[in-house]
Amino acid sequence: QVQLVESGGGLVQAGGSLRLSCAASGRTLSRHAMGWFRQAPGKEREFVAAINWSGGITYYADSVKGRFTISRDNAKNTVYLQMNSLKPEDTAIYYCAASNFYSDYGIPIALADFGSWGQGTQVTVSS
């Protein structure tokens, strides 16, 4: 099973930017679709963005579309989430996740499709 470690979270003012990283060990990520999810206090974990094994397909939640960008560097075994124009409602713990889905024709977006999870990194956006 792949081990995932997120980093890059922190406190930022509304309108600011952060770049989250997800580093993997134990297995190469190059055959895994990857996703970012988030969980705010008192709310369920929700989908943010996903990317297929090659980086050729990405998908975003409507709430972050146009502001967040998911990318990956398979040579570095790392996935990124660039977050711009941050809003207070983006405040949450952000989790990286790996899926065994391996395709050029689609990507998973449901929590149940992802079998490996990181410990999460806190993102706090102040107004």
All N/O donor-acceptor pairs, side-chain side in residues 22-31, below 3.5 Å, sequence neighbours left out:
{"residue": "T28", "atom": "OG1", "partner": "S30", "partner atom": "N", "Å": "3.2"}
{"residue": "T28", "atom": "OG1", "partner": "S30", "partner atom": "OG", "Å": "3.0"}

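Every residue was checked against the side chain to side chain donor-acceptor pair (under 3.5 Å) condition with K43, not counting sequence neighbours, and none meets it. With sequence neighbours left out, F114 forms a ring-ring contact (aromatic ring centres under 6.0 Å, His included) with F37. Not a single side chain to side chain donor-acceptor pair (under 3.5 Å) links S85 to another residue, sequence neighbours left out. Evaluation of the side chain to side chain donor-acceptor pair (under 3.5 Å) rule for T69 yields no partner, not counting sequence neighbours.
A 4.5 Å side-chain heavy-atom check between M83 and V123 finds at least one atom pair inside the cut-off. L20 has its side chain within reach of W36: a pair of non-hydrogen atoms, C-beta onward, lies under 4.5 Å apart. At a threshold of 4.5 Å between non-hydrogen side-chain atoms, the residues S126 and Q13 count as touching.
The distance from the OG1 atom of T121 to the CD1 atom of I93 is 9.0 Å, given to the nearest 0.5 Å. Remark: S99 OG to I109 CD1 distance equals 11.5 Å, nearest 0.5 Å. Atom OH of Y94 and atom CD of Q122 lie 9.5 Å apart (nearest 0.5 Å).
No cation-pi contact links R38 to Y95, judged by a cut-off of 6.0 Å to the six-membered ring centre and 45° from its axis. A cation-pi arrangement is absent between R72 and W53, since the terminal nitrogen or guanidinium carbon is not both under 6.0 Å from the aromatic centre and inside a 45° cone about the axis.
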(request) Check the pair D62 / K65 against salt bridge (charged side-chain N to carboxylate O under 4.0 Å, His left out), numbers first and verdict last. (result) CA-CA 5 Å; D62 287 343; K65 199 173 296 182; 3.1 Å; yes
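Within the structure, disulfide bond (SG atoms under 2.5 Å apart) contacts touching residues 29-87 (residues at least two apart or in different chains) do not occur.
A side-chain donor-acceptor contact under 3.5 Å links S17 and N84.
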